[in-house]
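Only one structure is covered here, and it is reproduced in the block below.
Atoms considered below: every heavy atom in the structure, side chains included; atoms not considered: hydrogens, waters and symmetry mates. Read the numbers this way: they start at 1 and go in the same order the structure lists the ligands and their atoms.
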Amino acid sequence: DTVPAPDMDGVVAALNAALAEGAPGAMARYTGPDGVRSRTVGVRDLSTGAPMDIRARFRIGSVSKTFSAVVLLQLVEEGRLRLDDPVNRLLPGLLPDDRVTVRHLLTHRSGLADYTNAMFEHTVPGFEAVRNRVFSYQELVDLSLAEPRTTEPGVSYAYSNTNFVVVGMLIEKLTGRPVADAYERRIIKPLKLRGTSYVHPDTRIKGLHVRGHLHPDEAGAPLVDSTEQTVSWAQSAGAVLSTPADLNTFMSALMRGRLLSPAMLDAMTTVTPTDATGTRSYGLGLRRYELSCGERVFGHTGTVQGYYTYAFATRDGRRSLSALANTSNHGAANTALGRTLEAAFCGTGPA
Ligand SMILES: CC1(C)S[C@@H]2[C@H](NC(=O)CCCC[C@H](NC(=O)C[NH3+])C(=O)[O-])C(=O)N2[C@H]1C(=O)[O-]
């Protein structure tokens, strides 16, 4: 069956709108039945003026949560744990509430507070205070538990990085290995994601990469180069490095059933609305966006200092789009970048 051709003029317009909102550069890669289309605008490095490059690696932020969810769901399929197991049965004594389950973590319904709200209340000082720090998972969980729960377990959706820090703890407890090994063995190698890696706590992005440029809170203040950081404040919730091509491969392979069984993929893509309009929903470590043309795309977004990312695919995996702007803490740039989804998946403009 035919699919609408991507409106690549619309994609470029969205990328340019992100630049107009202060991103030094932006790029998008569309993969569909009739091939790949890439567009880049602006620069990947503000200081050298090096142009944005579709091959370049960058920090994907919370798109990492979908990598972590895939690994944990594979462990569920292998019988190592069950979605409705209490977390405390697997990690005795970790949480103050035995009712919090693995499913609550993956659906952001655990009630565990997100420690990054306080950590990054003041954007640049908060970032500078942690950019070279190495946290243990336990330290991050302790930061969360120092704050009140946001909901009774299972009652409502409240996005929290803490959930996917605990997912990382579960992966390491069950496999006896660092999460890096699980990403490598279960996702990166099988899918040949040559531009994807998990290097925590190394602060460098090796090879051709995009530099991140963080907007300070003070209007008009110069951008802060935020490229080098440990991302130890996020780890399994946000520290993966990747490229547009690899993210399209990953999200398409996921939707095509190459990583999870059909039943588990159905569970992962079974969503509950997260906004009043019902166009934004969340499943198991996976967002679903319902676009104006009725197309429903699955994937994740990412916000890490200096980098906005969108990585989505259609449910059949036949079409995917990844988009990156190398700034953050500037919502208008993020909203502009997000318009690449409508152009790519609904557009009927010139292909
Ligand atoms: C839910 C989100 C948006 S936040 C969550 C995670 N990113 C973070 O938790 C980092 C938050 C601070 C980032 C920083 N902002 C500030 O410091 C503001 N004071 C900036 O913009 O660079 C990620 O990635 N997720 C996004 C997601 O899933 O889309």
Side-chain angles (χ1 to χ4, degrees), residues 18 21-24 58-69 105-108 112-131 133 135 140 143-144 147 150 157-165 167-168 210-219 221 223-242 247 251 271 274-275 280-289 297-312 322-338 340-341:
E21 288 298 343
F58 55 90
R59 300 190 184 285
I60 68 173
S62 290
V63 180
S64 308
K65 290 179 170 73
T66 307
F67 282 74
S68 299
L105 300 176
L106 292 169
T107 54
H108 292 297
L112 294 172
D114 191 337
Y115 54 83
T116 64
N117 295 327
M119 184 179 279
F120 300 125
E121 184 185 357
H122 305 291
T123 302
V124 173
F127 169 64
E128 294 294 355
V130 301
R131 71 182 297 175
R133 275 197 61 180
F135 293 94
L140 298 176
L143 287 173
S144 170
E147 297 181 41
T150 58
Y157 170 88
Y159 188 103
S160 176
N161 286 299
T162 312
N163 292 319
F164 282 79
V165 166
V167 167
V210 180
R211 296 197 67 82
H213 301 285
L214 173 63
H215 267 82
D217 294 329
E218 300 73 19
L223 300 184
V224 171
D225 188 316
S226 55
T227 310
E228 281 76 29
Q229 70 156 308
T230 60
V231 203
S232 199
W233 58 266
Q235 296 183 55
S236 44
V240 174
L241 297 168
S242 193
L247 290 180
M251 290 296 178
V271 298
T274 60
D275 70 346
R280 300 284 169 89
S281 307
Y282 208 93
L284 301 177
L286 199 65
R287 292 187 185 281
R288 190 188 79 187
Y289 281 8
V297 293
F298 294 82
H300 218 287
T301 47
T303 299
V304 54
Q305 287 84 1
Y307 303 89
Y308 284 135
T309 304
Y310 289 80
F312 285 82
S322 294
L324 176 275
N326 59 346
T327 196
S328 68
N329 194 38
H330 198 70
N334 195 13
T335 304
L337 185 69
T340 53
L341 295 178

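The aromatic rings of Y307 and F58 sit parallel to each other, their planes meeting at less than 30°, with 60° as the upper class boundary.
No side-chain donor from either of S62 and H300 sits under 3.5 Å from a side-chain acceptor of the other. Side chains of S226 and R131: no donor on one and acceptor on the other come within 3.5 Å. No side-chain donor from either of T274 and Y159 sits under 3.5 Å from a side-chain acceptor of the other.
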Contacts table for ligand 1: protein N or O within a distance under 3.5 Å of ligand N or O, distances only.
{"from": "ligand 1", "atom 1": "7 (N)", "to": "T303", "atom 2": "O", "distance (Å)": "2.8"}
{"from": "ligand 1", "atom 1": "9 (O)", "to": "N161", "atom 2": "ND2", "distance (Å)": "2.8"}
{"from": "ligand 1", "atom 1": "17 (O)", "to": "F120", "atom 2": "O", "distance (Å)": "3.4"}
{"from": "ligand 1", "atom 1": "17 (O)", "to": "T123", "atom 2": "OG1", "distance (Å)": "3.4"}
{"from": "ligand 1", "atom 1": "19 (N)", "to": "F120", "atom 2": "O", "distance (Å)": "2.6"}
{"from": "ligand 1", "atom 1": "19 (N)", "to": "T123", "atom 2": "OG1", "distance (Å)": "2.8"}
{"from": "ligand 1", "atom 1": "21 (O)", "to": "N329", "atom 2": "N", "distance (Å)": "2.8"}
{"from": "ligand 1", "atom 1": "22 (O)", "to": "S328", "atom 2": "OG", "distance (Å)": "2.6"}
{"from": "ligand 1", "atom 1": "24 (O)", "to": "S62", "atom 2": "N", "distance (Å)": "3.0"}
{"from": "ligand 1", "atom 1": "24 (O)", "to": "S62", "atom 2": "OG", "distance (Å)": "2.5"}
{"from": "ligand 1", "atom 1": "24 (O)", "to": "T303", "atom 2": "N", "distance (Å)": "2.7"}
{"from": "ligand 1", "atom 1": "24 (O)", "to": "T303", "atom 2": "O", "distance (Å)": "3.0"}
{"from": "ligand 1", "atom 1": "25 (N)", "to": "S62", "atom 2": "OG", "distance (Å)": "2.7"}
{"from": "ligand 1", "atom 1": "25 (N)", "to": "Y159", "atom 2": "OH", "distance (Å)": "3.2"}
{"from": "ligand 1", "atom 1": "28 (O)", "to": "Y159", "atom 2": "OH", "distance (Å)": "2.9"}
{"from": "ligand 1", "atom 1": "28 (O)", "to": "R287", "atom 2": "NH2", "distance (Å)": "3.1"}
{"from": "ligand 1", "atom 1": "29 (O)", "to": "T301", "atom 2": "OG1", "distance (Å)": "2.6"}

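Listed by chain and number, the residues in a salt bridge (charged side-chain N to carboxylate O under 4.0 Å, His left out) with D225 are R211 (sequence neighbours excluded).
The only option from F298, F312, Y282 that meets the ring-ring contact (aromatic ring centres under 6.0 Å, His included) definition with Y289 turns out to be F312.
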